[in-house]
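To find a chain, count down the sequence lines: A is the first, B the second, and so on, and within it residues start at 1.
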Amino acid sequence: MKKKKPKRHARAHDPGSAALHAEHPDLQDPNVVLSLLEADQVVATKTRTRFGKRNLSVGARLLLWGLRVYVFVMLVIVLISVIRAVHGGQ
Amino acid sequence: MSRLKDSRPGSAYQPAQPTTEPAVSSPAATELIALVTHEDRDRARDRWRVARARWKGRGWKSFGGLRLLWLLVGPGVLVFLGENDAPSMLSYSATGARFGVGFFLPFVILTFMMGLIVQEMTVRLGAVTHRGHAELIFDRFGKFWGFFSMGDLVLGNFLTLVTEFIGVRAGLGFFGVRPSIAVGAGLVLVLAAITTGRYWTWERITLGLAIFNGLFIPAALLAHPSWPQVGHALLTWTPLPRGDRGEILLLILADIGATVTPWMIFFQQSAVVDKGMQPRDIAAGRLDTVLGTLLASTFAIAAILATVPLFHHGINAADFQGAQFAQAIEPWIGHVGASLFALGIFEAGIVAAIAISTSSAYAFGEVLGMAHSLNRPIREAWPFYLFLLGSACAAAALVLIPHAPLEFIVLTVNVIAVLAMPPALAFLLLLVNDRDLMGEHANGFWGNLAGVTVTVLLVCAGLGFGLFTIFPKLLGG
């Protein structure tokens, strides 16, 4: 509870807080819209920015390659299984 | 929280504020004011309702809490009821018909627990990064791994979508509806859900449809299960399944694939983003996911119990499809019960078709950098809606083609889902442990232990299947 009070106090000054008291928010006012959304939630922000590519460790690369090989081998096995099932059915 | 961000070429500004800060206070606010879209306004309206529910709920917390839950519930319930789809319900029905009440009841609950562990991570990822799963994989791991991941998703989603329309056709087929009319009705429902131009309305319509997954409960009650036997099975995991070990292994794999699949990860994260959830909503998102798990596992158990009479009467259900199950159990649960079962299969197909086609469209839009929100009107995001509807139409058309390899698809869809899951989980775990993205919301020790355990279990299940396929006599099959 102690943590929540300062947040509410801080929001009391922004348009979003004022909008809370209204029966309907004035969403034609972009300030109200921006006060209700986080910076990263705005479409314009998302379309103009991206998270940078991370450097994968050797272990992470091995893991991803290992799992990729696993999927490939298993898909071949599924194919074998299905061919057997179809021939068995006939 | 440190954030790693690059401006895309041509960017007019470079936001560097923590995401929890309101956009109006960010350094880019003056530029953003001129760039507010219809999608932003719709999302802001949803955020206003959530903020107001929190604000009003201060006085009488219980009602405020319920109102808040009503506003924030959605992606978690939808993803689990969506995953209780036509092939999944058929897997559960086959399990009940083949092995009765026993090991598989607690096992199915275990698979849902695995699903819960995985899906909770997507809630955090979506709420903290405000990015869909496909977008994050492309951003953080690059195009090479991104396209691999998308390949798995697109293949799995399309095959699953086909099986949903098989379910739609089979469910309505019980009532004598012609396949073309049944599939057409399914497409109309998918179209009706997306023409609202509003995530909130789409979510409520789909939730309204999804709750009919509960039709399996009266069907199960009409089968008059032995409750002491059910309780005994849930507590002791017995009797163990006996018979063809290969068949048991396949059903184990199918039941896992009925609960833990890649599309669920992509769908729930994108839905959390589209809903506009923020880090402070993570607790509600978890509750939503737990609620979805409880509902879906209850309905799955009901599907098993509804077909147990077939086990008691020694009826071989190995090759049954949706409508055949309903017809086969009719002598024991009556016409009403069988009709409810058939309607349940139809509903399972429809809801999953809506969710899976949306999941594909979200990923398509995220990867190509196009508008990808159900809050966008069709004229603004027509490629997104076209892909959504196009994938549904292609799957529906395939179901209507005479001699199409539908049996092949039904046989493989859940197995492929299980096999494609470990790489998807690896990406999920890497992302949710990325402290530059997640900050304080990154996975802790127990989250990682649970996530790694699920991944290892899935790999072991896949390897077991592979070994049995290559060496059929290994298990005495």
### Message
Between A:Leu63, A:Asn55, A:Leu56, A:Val76, who has the most heavy-atom pairs with chain B when the cutoff is under 4.5 Å?
### Response
A:Leu56
### Query
Given a strict heavy-atom distance threshold of 4.5 Å, which part of B:Asp152 is in contact with chain A: side chain, backbone, both, or neither?
side chain
### Task
List the atom of A:Val71, the atom of B:Ala420, and the distance in Å for their closest heavy-atom pair.
CG2-CA, 4.4 Å
### Task
Hey, could you give me the CG/CZ distance between A:Leu64 and B:Phe144, rounded to the nearest 0.5 Å?
10.0 Å
## Note on the structure
In this structure, CG of A:Leu75 is separated from CD1 of B:Ile416 (nearest 0.5 Å) by 6.0 Å
### Task
Identify the heavy atoms of A:Phe51 and B:Thr129 that sit nearest to each other, and give their distance.
CZ-O, 3.9 Å
### Task
Please look at B:Met277 and chain A and tell me whether the side chain, the backbone, both or neither of the residue comes under 4.5 angstrom of a heavy atom of that chain.
backbone
### Query
So, does A:Gln41 use its side chain to make a donor-acceptor pair with the main chain of B:His130 at under 3.5 Å?
no
### Task
Any chance you could lay out the side chain to side chain contact (heavy atoms under 4.5 Å, CB included) test for A:Val78 and B:Phe465, step after step, and finish with the verdict?
CA-CA 9 Å; A:Val78 168; B:Phe465 167 77; 3.8 Å; yes
### Task
Give, for atom CG of A:Asp40 and atom CD of B:Gln278, the distance between the pair rounded to the nearest 0.5 Å.
11.0 Å
#### Entry: A:Glu38 to B:Pro279 - nearest heavy-atom pair and separation
OE2-CD, 3.4 Å
### Task
For A:Ser35 and B:Pro22, work out which heavy atoms get closest and say how close.
O-CB, 3.9 Å
#### Entry: A:Leu27 vs B:Arg43 side-chain heavy atoms within contact, under 4.5 Å
no
### Message
Restricting to ring pair (Phe, Tyr, Trp, His ring centres under 6.0 Å), what partner residues turn up for A:Tyr70, sequence neighbours left out?
### Response
none
### Task
Heavy-atom distances under 4.5 Å only: say whether B:Leu463 touches chain A with side chain, backbone, both or neither.
both
#### Entry: Nearest-0.5 Å distance, CD1 of residue A:Ile83 to OG1 of residue B:Thr469
12.0 Å
#### Entry: Contact winner vs chain A - B:Asp42, B:Asp40, B:Val50, heavy-atom pairs under 4.5 Å
B:Asp40
### Message
With a 3.5 Å distance limit and no angle check, can you tell me whether A:Arg54 reaches the backbone of B:Arg140 through a side-chain donor-acceptor pair?
### Response
no
### Task
Calculate, to the nearest 0.5 Å, the distance between atoms CH2 and NZ belonging to B:Trp145 and A:Lys53 respectively.
11.0 Å
### Task
Report the residue from A:Leu37, A:Leu36, A:Val33, A:Leu34 that forms a side chain to side chain contact (heavy atoms under 4.5 Å, CB included) with B:Val24.
A:Leu34
Anything under 3.5 Å between a donor and an acceptor, one on a side chain of residues 421-431 of chain B, the other on a protein residue two or more places apart or in another chain? List them.
none

#### Entry: B:Arg131 side chain near A:Arg50 side chain, heavy-atom distance below 4.5 Å
no
### Query
Looking at A:Met74, A:Gln28, A:Arg68, which one has more heavy-atom pairs under 4.5 Å with chain B than the rest?
A:Arg68
### Task
Evaluate side chain to side chain contact (heavy atoms under 4.5 Å, CB included) for B:Leu35 paired with A:Val43, printing each intermediate quantity in order.
CA-CA 8 Å; B:Leu35 299 169; A:Val43 173; over 6 Å; no
